[in-house]
Q: 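Can you keep this structure in mind? I'll have questions shortly.
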Amino acid sequence: EVELTESGGGSVQAGGSLTLSCVASGYTDSNGCMGWFRQVSGNKREIIASLDPHDTAGYAASVKGRFTISKDRAKNTLYLQMNSLNPQDSGEYYCATAKSPYGWGCPGGDGEWSDWGQGTQVDVTS
C-alpha cells in the first residue's frame, strides 16, 4: 500500500521561498510518475509539476522558472522547491503518483493519478 505524506507548507510573504516534501512509503513503481498538484478552495486540482520515469520534469506555465521538482530515491522523497512566491501560489498542495502512459511523460488530468497525500497548505501574503 502506498502512503504519501506531505510537509513543509506554511505562511510566507510574497517573494519568499518554501520547500515542500513528500515521503512516499511503499511506492516502488519504476515506471511511474510523481507530481505536485495545487487546489484552491472550490476549484479543481491543477498539476503544478511532475517527474516522469526518466526524471524528466514538467511544469505548469505559471510556475516555470520559479519552482523545481526533484526526487531523492534513497529517501523515497519528492520535493518541490518554490521560489519567488506570489499570492496566486496559495492553496493546498498535494503529492500524487501515476502510471506513465507511454513509459515517458505523465498524465495531465488529476483523474489519472492514483495515490494522493493529505495535502499541505501554502499561504502567500502580499
Side-chain angles (χ1 to χ4, degrees):
E1 182 183 352
V2 176
E3 184 174 345
L4 304 176
T5 306
E6 302 97 334
S7 62
S11 185
V12 63
Q13 285 195 323
S17 298
L18 280 175
T19 300
L20 306 184
S21 301
C22 170
V23 178
S25 301
Y27 182 65
T28 59
D29 189 353
S30 60
N31 192 40
C33 291
M34 296 190 76
W36 289 98
F37 285 73
R38 177 175 65 215
Q39 185 173 34
V40 179
S41 56
N43 292 340
K44 191 180 163 83
R45 284 181 292 207
E46 60 169 335
I47 191 163
I48 296 300
S50 62
L51 280 177
D52 81 353
H54 302 282
D55 287 343
T56 299
Y59 297 96
S62 62
V63 307
K64 206 165 188 176
R66 300 187 297 120
F67 289 13
T68 302
I69 187 172
S70 62
K71 183 167 58 178
D72 184 329
R73 292 183 187 279
K75 295 181 180 179
N76 223 15
T77 300
L78 184 72
Y79 301 99
L80 185 67
Q81 173 68 43
M82 306 187 294
N83 297 326
S84 302
L85 285 161
N86 60 62
Q88 287 69 44
D89 296 318
S90 297
E92 190 81 12
Y93 282 72
Y94 295 91
C95 170
T97 66
K99 288 283 186 191
S100 175
Y102 309 108
W104 54 269
C106 294
D110 64 347
E112 297 174 78
W113 293 72
S114 51
D115 301 299
W116 294 85
Q118 81 289 348
T120 186
Q121 180 69 32
V122 171
D123 292 310
V124 184
T125 58
S126 56

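Quick caveat: nothing in here was measured; it's all calculated off a predicted structure.
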Q: Would you say the side-chain atoms of Q39 pair up with the backbone N or O of G91, donor to acceptor, closer than 3.5 Å?
A: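 Answer holds: no.
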Q: Heavy atoms, side chains only, cut-off 4.5 Å: are V124 and M82 in contact?
A: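 Result no, sub-4.5 Å side-chain heavy-atom pair not found.
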Q: Can you list the steps and then say if S50 with W36 is a side chain to side chain contact (heavy atoms under 4.5 Å, CB included)?
A: CA-CA 6 Å; S50 62; W36 289 98; over 6 Å; no
Q: E92 and T120: which non-hydrogen atoms are nearest, and at how many Å?
A: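 Scanning both residues completely, I find the closest heavy atoms to be OE2-N, 3.3 Å.
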Q: For the residue pair T97 / D115, report whether a side-chain donor-acceptor contact shorter than 3.5 Å exists.
A: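 The criterion, which ignores hydrogens and geometry beyond distance, is satisfied for T97 and D115.
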Q: Please give me the minimum heavy-atom distance between C95 and E6, naming the atom from each residue.
A: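 Smallest heavy-atom distance, with atoms named: N-OE2, 2.7 Å.
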Q: What's the shortest heavy-atom distance between R66 and L85, and which atoms?
A: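 That closest heavy-atom pairing would be NH1-CA, 3.9 Å.
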Q: I need the N31 CG to D52 CG distance, nearest 0.5 Å.
A: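 Nearest 0.5 Å value for the CG-CG distance: 9.5 Å.
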Q: With a 3.5 Å cut-off and no angle check, do the side chains of D123 and S90 form a donor-acceptor pair?
A: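 The criterion, which ignores hydrogens and geometry beyond distance, is not satisfied for S90 and D123.
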Q: Measure the acute angle between the ring planes of F67 and Y93, then classify it against the limits of 30° and 60° as parallel, tilted or perpendicular.
A: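 Ring orientation of F67 relative to Y93: tilted.
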Q: Heavy atoms only: give me the nearest N83-S17 pair and the separation to one decimal.
A: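 For N83 and S17, the tightest heavy-atom pair comes out as OD1-OG, 3.0 Å.
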Q: Should S100 and C106 count as side-chain neighbours, where that means a heavy-atom distance under 4.5 Å?
A: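 A side-chain contact under 4.5 Å is absent here.
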Q: Check whether H54 reaches the backbone of G105 with its side chain - one donor and one acceptor, N or O, closer than 3.5 Å.
A: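 Between the backbone of G105 and the side chain of H54 there is no qualifying donor-acceptor contact (under 3.5 Å).
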Q: Minimum heavy-atom separation for R73 and P53, please, with both atom names.
A: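 In terms of heavy atoms, the two residues are closest at NH2-O, 4.2 Å.
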Q: For F37 together with W113, are the ring centres under 6.0 Å from each other?
A: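 Yes; F37 has its ring centre under 6.0 Å from that of W113.
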Q: Has the side chain of Q81 got a donor or acceptor atom that lies under 3.5 Å from a matching backbone atom of T19?
A: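 Here the side-chain-to-backbone pair does not exist.
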Q: Strictly distance-based, threshold 3.5 Å: is any side-chain N or O of D72 a donor or acceptor partner for the main-chain N or O of T77?
A: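 Not at all, since once roles are kept as given, no pair shorter than 3.5 Å links the two residues.
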Q: Of D89, I47, L80, which is the lone residue that meets side chain to side chain contact (heavy atoms under 4.5 Å, CB included) with R38?
A: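 For R38, the side chain to side chain contact (heavy atoms under 4.5 Å, CB included) test succeeds with only one of D89, I47, L80, which is D89.
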Q: Does some side-chain heavy atom of S25 sit less than 4.5 Å from a side-chain heavy atom of T5?
A: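 Not touching, per the 4.5 Å side-chain cut-off.
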Q: Are the side chain of Y79 and the backbone N or O of T68 linked by a donor-acceptor pair below 3.5 Å?
A: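 Absent.
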Q: Has D110 got a side-chain atom pairing as donor or acceptor with K44's backbone, closer than 3.5 angstrom?
A: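 Not confirmed, D110 side chain does not pair with K44 backbone.
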Q: Would you name the heavy atoms of L78 and K71 that are closest together and state the gap between them?
A: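 Shortest heavy-atom separation between L78 and K71 comes out as CD1-CB, 4.3 Å.
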Q: Distance check, rounded to the nearest 0.5 Å: S62 atom OG versus K64 atom NZ?
A: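 Going from the OG atom of S62 to the NZ atom of K64 covers 11.5 Å.
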Q: Do V122 and Y59 share a hydrophobic cluster (ILVMFWY, side-chain heavy atoms under 4.5 Å, transitive)?
A: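 Same cluster.
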Q: Give the cluster check for L20 versus L51: same hydrophobic cluster or not, with ILVMFWY residues linked at side-chain heavy-atom distances below 4.5 Å.
A: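 Looking at the clustering, L51 is in the same group as L20.
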